[in-house]
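Letters A, B, ... mirror the listed sequences (proteins, then strands); counts begin at 1.
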There are 2 protein chains.
Amino acid sequence: MGKDQKKLPLYIQIKNKLVSNIKEGIWKPGDTLPSESQLMEQYNVSRTTIRQAIRDLVQNGILETSRGAPTKVKEIPEDGLGNPGVIHHEIGTDMAVILLRMEKSQTHYHAKYQLSLPETADIFYMERLRMADGKPIAIQQSYLPLAIGDVIEQVADKKFDFFSTLGNHGIYHTNIKEHVSADNATQYEADILGVSAGEALITIERTTLGIDSKPIEYSTTKYTTKAFKYTIEID
Amino acid sequence: MGKDQKKLPLYIQIKNKLVSNIKEGIWKPGDTLPSESQLMEQYNVSRTTIRQAIRDLVQNGILETSRGAPTKVKEIPEDGLGNPGVIHHEIGTDMAVILLRMEKSQTHYHAKYQLSLPETADIFYMERLRMADGKPIAIQQSYLPLAIGDVIEQVADKKFDFFSTLGNHGIYHTNIKEHVSADNATQYEADILGVSAGEALITIERTTLGIDSKPIEYSTTKYTTKAFKYTIEID
DNA sequence: GTGAATTTGTTCGTATGTATG
DNA sequence: ACATACATACGAACAAATTCA
């Protein structure tokens with residue numbers, strides 16, 4: 001790790017140490033952190049400093065505090081993105097996913113650009129059909145760096161949403177950028193999704209950054225409008 | 001104002017007082033606040049308390065601080081929503097708006113519900129065509145409480161985005177909820193927007209809350225996909 | 001279920017660092 | 001260069017919620 005830490009404010013240094021502990025899996029989602037007094041001793045700083053670091057991380061959605069109870073590493077909600085403010089809601093009760101294609105590829109240059117990977121790099125590619133109650137609701141194409149792909153390869157056909165899996169491996173996301181657009185379904189898409197050709201679909205193009213600000217996922221998902229709600233709430 | 005303030009934490013009370021000053025126009029966007037020491041004297045609290053109140057409001061996007069310089073009321077960016085994270089980008093250089101309809105109405109019960117208004121209340125209704133470089137890009141229907149409507153009535157056919165106007169009248173928004181969906185254009189919409197019937201449109205349904213958590217705007221906007229980008233970024 | 005210990009939340013005071021004007 | 005303003009950091013005390021013997 002960079003030793004430029006020396007010039008950074010103390011509370012930032014503490015913040016980095018806490019995040020490291022989470023990234024290295026020493027503290028997992030749901031785990032409780034040492035109390036503020038213990039952290040004061042451990043890092044030899046005042047309570048003010050500890051609290052400021054923790055406050056920032058709570059604000060970042062990494063930690064969770066409540067009066068009287070120990071501070072916890074925030075759980076990644078199952079089948080949720082865990083990104084405060086944006087709510088994807090796929091409508092249905094029995095959610096499943098069908099793996100259409102999965103490969104390590106050298107093409108997909110467009111995706112490599114989004115993932116800040118060199119053109120020579122291999123990339124993990126995945127096409128999946130998202131289902132609700134036995135009916136298709138979306139086609140999703142995901143592109144991942146190989147290191148990340150290895151982690152979710154085993155759950156690609158099981159986990160509806162794989163961010164929780166990543167979290168369990170200490171891979172967190174701090175920044176998500178989504179671009180929303182609308183398209184008319186092609187005949188191919190219409191056939192797969194069971195709608196009429198030309199029907200309006202919602203397309204979501206997503207780039208997810210990890211804690212170190214490097215991309216960990218790029219995906220394009222086309223949803224049928226009937227089974228999908230997209231809501232943004234900002235405070 | 002409610003006198004339940006007595007039981008609230010001091011810094012919350014301070015926060016409310018600061019917000020009041022802004023809402024009442026005593027401090028306008030761009031104005032500088034009194035220094036922290038002055039506020040300490042004025043409200044007879046410690047610097048910690050003042051700073052905690054200010055920190056919250058900075059986080060809320062109401063205030064703006066920088067080292068060495070006085071704290072300011074944040075400006076509302078012209079033609080921007082000012083809501084960190086969500087970026088609407090209407091593509092074009094010469095933006096204009098055409099007022100199609102404007103009235104005080106007693107119907108539109110659906111909108112009254114969204115605005116938390118009683119069914120007996122009058123409502124301000126407005127339908128506008130948003131243009132870029134002389135070509136239509138969206139149809140927008142806005143519903144506002146009468147008090148708000150009066151403020152923007154004079155600029156309805158001039159201001160492309162009226163949030164800055166509201167800000168100048170001390171009306172701020174702190175919470176925005178948007179629902180994004182896709183529709184196929186009806187013949188009527190297609191004619192107005194100059195596209196083919198059935199073409200995919202992006203529909204954005206928006207509810208905006210003021211500082212006091214009461215709705216100040218509800219709108220539905222249908223965009224052509226060619227001239228509109230919707231991006232969300234969350235940290 | 002009670003009560004004591006623990007833990008986070010709020011608030012004061014003070015001192016020093018650093019950027020602005 | 002200087003005064004002013006916000007940023008960081010220390011220490012201390014009490015309040016309020018939770019946890020656990």
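D:dT4 atom C1' lies 15 Å from atom CG of B:Leu39, rounded to whole Å. In this structure, B:Ile54 places its CD1 atom 8 Å from P of D:dA7, rounding to the nearest Å. Atoms CD1 (B:Ile50) and P (D:dC6) sit 10 Å apart, rounded to a whole Å. Atoms CZ (B:Arg51) and P (D:dT8) sit 7 Å apart, rounded to a whole Å. Between the CD atom of B:Gln38 and the C1' atom of D:dC6 there is a distance of 13 Å, given to the nearest Å. Separating the OH atom of A:Tyr43 from the P atom of D:dC10 is a distance of 14 Å, rounded to the nearest angstrom. Counting to the nearest Å, the C1' atom of D:dA9 and the CG atom of A:Asp56 are 15 Å from each other.
Atom NE2 of A:His108 sits about 5.5 Å away from atom OH of A:Tyr143, to the nearest 0.5 Å. Residue A:Lys17 holds its NZ atom at 10.0 Å from CG of A:Asn21, rounded to the nearest 0.5 Å. How far CZ of A:Arg130 is from OG1 of A:Thr221: 6.5 Å, rounded to the nearest 0.5 Å.
Among the protein residues, A:Ser37 comes within range of no part of the nucleic acid, since none of its heavy atoms lies under 4.0 Å from any strand.
Atom CD of B:Gln154 has more than 12 heavy atoms from other residues, nucleotides or ligands within 6.0 Å. Shown here is A:Glu41, whose CD atom has no more than 12 heavy atoms of other residues, nucleotides or ligands within 6.0 Å.
Ion pairing between A:Arg206 and A:Glu217 holds under the 4.0 Å rule for side-chain N and carboxylate O.
For C:dA19, the paired nucleotide is D:dT4, the pair qualifying as Watson-Crick or G-U wobble because both relevant distances are below 3.5 Å.
Counting only heavy atoms from C-beta outward, the side chains of B:Thr49 and B:Gln52 never approach each other to under 4.5 Å.
Taking every nucleotide of DNA chain C with any atom under 4.0 Å from a non-hydrogen atom of chain A, the first and last of them, 5' to 3', are C:dT7 to C:dT10.
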Nucleotide by nucleotide, 5' to 3', does protein get under 4.0 Å of the base (B), only the sugar-phosphate (S), or neither (-) in nucleotides 11-21 of chain D, counting heavy atoms?
S-B-BBBS---

Does the pair B:Phe124 and B:Ile148 meet the rule for a side chain to side chain contact (heavy atoms under 4.5 Å, CB included), with working shown?
CA-CA 8 Å; B:Phe124 187 90; B:Ile148 311 279; over 6 Å; no

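In this model, the phosphate group of D:dT8 is approached by a side-chain N or O of A:Gln52 to a distance below 4.0 Å at OP1 or OP2.
Judged purely by distance below 3.5 Å, without hydrogens or angles, the side chains of B:Glu205 and B:Tyr218 pair a donor atom with an acceptor atom.
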